[in-house]
Amino acid sequence: MPRLVVVSNRVPLPSERGPRAGGLAVALADALRPGSLWFGWSGKRGNAQEASLQQGDGVSYATIDLSEAEHRGFYVHFANGVLWPLLHFRLGLMTFRSEDYAAYRAVNRRFAATLAPLLRPDDLIWVHDYHLIPLAEELRALGVSNRIGFFLHTPFVPPAIMQALPRANELLESLCAYDVTGFHTAGYQQAFLDCVREMLGVRPDADGRFLWQGRPAQAVVDPIGIDADGFRSCAEQAAHSIEARQLRESLAGRALGIGVDRLDYSKGLLSRFEAIGRLFAHYPEHRRRVSFLQIAARSREEQGDYQRLRRELDRIVGDTNGRYSEFDWVPLRYMTRAVRRTTLAGFFRIARLAIVTPLRDGMNLVAKEYVAAQDPEDPGVLILSRFAGAADQMTDALIVNPFDAEEVAAAIHRGLTMGLEERQQRWQALRDAVWNTTAKQYCTVFLSYLERSPWSEPRRLRAAS
Ligand code: ADQ
């Protein structure tokens, strides 16, 4: 069996696993058989050039540090300041500078140069996410002929949006250097194929296969999932934890609506809070009867857009609570930190309603975790944005347009007043969707595409020049 080499920007090192085991670490747990290698950034800033190694659960971890300048240009400015807003349809937030793009390419070149000597001839290499789009091209330029796959965790955008990115063609060409490129939904795959067709003149077949510079490539659909059984049993136990008991007591018989997200403009928190305000304005019967809890883990705080978002959220939470609170009831509880997965699982089980309303989201695992955590006898209701990849599979949620606060408020009202029978029927269907596309299946499907990918002798690509 070939060795699996996973490459991602951040590596969840065994030495520093905190309260949030990263989504990717959980998703790949099954695929990371003993002997596998995980390569990427340590999360530290420094000038050490060589990789540092550690072991955990039979898996080897090799990481490099980024210098201050690399961190700023590659990670903060280009990956998170250009690619992230672009891939979430937020062109107005994209700030392109050619020096950041140069830093992005240079860090990918450095990743390739450090990884190449660690590779064995039959390794399967699986690269993750938008930080590392040029990695295969850089590895090929060093003569690496292994099969290399790429999975994009964000949405993909149609040509009309992609063309706004300076140097878009170069990045599309870089994606074509992978043997297999995976997306969460058929819509993202289609958008990618439309881009390569229109912008590179490539002619993909009906299965997303095409030739790029004499080398076969394929775009595939493989929705990510969760360890549904594991999360369900975690939620069953966590429902009896001290935190869950305290939360239940604090509700004093009121219903709980929950939201759990990274604090990111793609997650639609401002319009979600606006919808909660409208619920109390237009459906006053819910005042004092429901409390909302938003857990928003701070992220990317070095970026101005995220600092501004946080200030706006503070303001709208203050306004909503100022307007509707009673001396013994606060409508919207808001915490800006991460909580442990087990605690979250218990909170999901208590919540009568989850509000998952991103403006755009590659998949959204919270929607799946909420469903997996429910008590089948008395399940809660999922309100889900039509712009989350998860909406493709979870069609029995209350699907909403997150830009329409009035519609979201009406869906919350509907969820809070929904009878047991309808809740059970909807949950059964959602349950099937979550258990049909688990984390394990996600890995199996991707790796089987990669193992079967038609392989040809490597050719030196453009980057070699
Ligand atoms: P994210 O944008 O991080 O992931 P998501 O899919 O929701 O979004 O995953 C977040 C994970 O972190 C979930 O497991 C969630 O429980 C956890 N989490 C979120 N907020 C938390 C908090 N406050 N405290 C503790 N845990 C918290 C990216 C893409 C998504 C895609 C995933 C996986 O943006 O669209 O679904 O990768 O591909």
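Numbering of ligands and ligand atoms starts at 1, following listing order.
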Can Tyr370 be said to touch ligand 1, with heavy atoms closer than 4.0 Å? no
Could you report the tightest heavy-atom contact between Gln189 and Phe183, atom names first, then the distance? CA-CD1, 3.8 Å
Which ligand 1 atoms, with their elements, are less than 4.0 angstrom from a heavy-atom of His153? 29 (C), 30 (C), 31 (C), 33 (C), 35 (O), 37 (O), 38 (O)
For ligand 1, is any non-hydrogen atom under 4.0 Å from Phe348's backbone (N, CA, C, O), its side chain (CB onward), both, or neither? neither
Arg97 vs Tyr101, test: side chain to side chain donor-acceptor pair (under 3.5 Å). Steps then yes/no. CA-CA 7 Å; Arg97 290 183 213 91; Tyr101 178 64; over 6 Å; no
Can you say whether the rings of Tyr75 and Trp41 are parallel (under 30°), tilted (30 to 60°) or perpendicular (over 60°)? tilted
Selection from Arg337, Lys267, Met363 by shortest heavy-atom distance to atom 1 (P) of ligand 1: Lys267
Would Val260 count as being in polar contact with ligand 1, using the rule that some N or O on each side must be under 3.5 angstrom apart? no
In ligand 1, which numbered atoms sit nearer than 4.0 Å to a non-hydrogen atom of Trp84? 34 (O)
Considering only heavy atoms, which of Ala297, Ala345, Ser299 lies nearest to atom 22 (C) of ligand 1? Ala297
Is the ring pair Trp126/Phe151 parallel, tilted or perpendicular, if the boundaries are 30 and 60 degrees? perpendicular
Please could you name the atoms of ligand 1 that Ile295 approaches to less than 4.0 Å, counting only its heavy atoms? 23 (N)
Ligand 1 to Ala338 polar contact by distance, N or O atoms, under 3.5 Å: no
Residues in side chain to side chain donor-acceptor pair (under 3.5 Å) contact with Ser241, at least two apart in sequence or another chain: none
Going by the order shown, which atoms of ligand 1 are within less than 4.0 Å of some heavy atom of Gly362? 35 (O)
Proximal ligand 1 atoms for His184, defined as those under 4.0 Å from one of its heavy atoms: 38 (O)
On the 0 to 90° scale, with breaks at 30° and 60°, tag the His88-Trp84 ring pair as parallel, tilted or perpendicular. tilted
Can you find a pair of side-chain heavy atoms, one from Met162 and one from Phe156, that are under 4.5 Å apart? yes
Looking at ligand 1, is there an atom of it that comes within less than 4.0 Å of some heavy atom belonging to Ile224? yes
Close side-chain approach of Gln54 and Pro14, heavy atoms under 4.5 Å: yes
Does ligand 1 have a heavy atom under 4.0 Å from the side chain of Arg340, from its backbone, from both, or from neither? neither
Asp361 N/O under 3.5 Å from ligand 1 N/O: yes
N/O to N/O below 3.5 Å, does that happen between Val339 and ligand 1? yes
Might you work through the side chain to side chain contact (heavy atoms under 4.5 Å, CB included) test for Gln393 and Lys368, ending with a clear yes or no? CA-CA 10 Å; Gln393 299 147 38; Lys368 297 188 170 185; 2.8 Å; yes
The atoms of ligand 1 lying under 4.0 Å from a heavy atom of Val366, numbered in the order shown, are 7 (O), 15 (C)
Quick one: does Arg341 get an N or O within less than 3.5 Å of an N or O on ligand 1? yes
Just to be sure I read this right, does ligand 1 sit under 4.0 Å from the backbone of Leu344, its side chain, both, or neither, counting only heavy atoms? side chain
Considering only heavy atoms from C-beta outward, does the side chain of Tyr324 approach that of Asp319 to under 4.5 Å? no
Show the atom names and distances, to 0.1 Å, of all donor-acceptor pairs under 3.5 Å that link a side chain in residues 357-366 to residues at least two apart or in another chain.
residue: Thr357; atom: OG1; partner: Arg272; partner atom: NE; Å: 2.8
residue: Thr357; atom: OG1; partner: Arg272; partner atom: NH2; Å: 3.4
residue: Asp361; atom: OD1; partner: Lys267; partner atom: NZ; Å: 3.3
residue: Asp361; atom: OD2; partner: Lys267; partner atom: NZ; Å: 3.0
residue: Asp361; atom: OD2; partner: Asn364; partner atom: ND2; Å: 2.8
residue: Asn364; atom: OD1; partner: Val366; partner atom: N; Å: 3.0
residue: Asn364; atom: OD1; partner: Ala367; partner atom: N; Å: 3.1

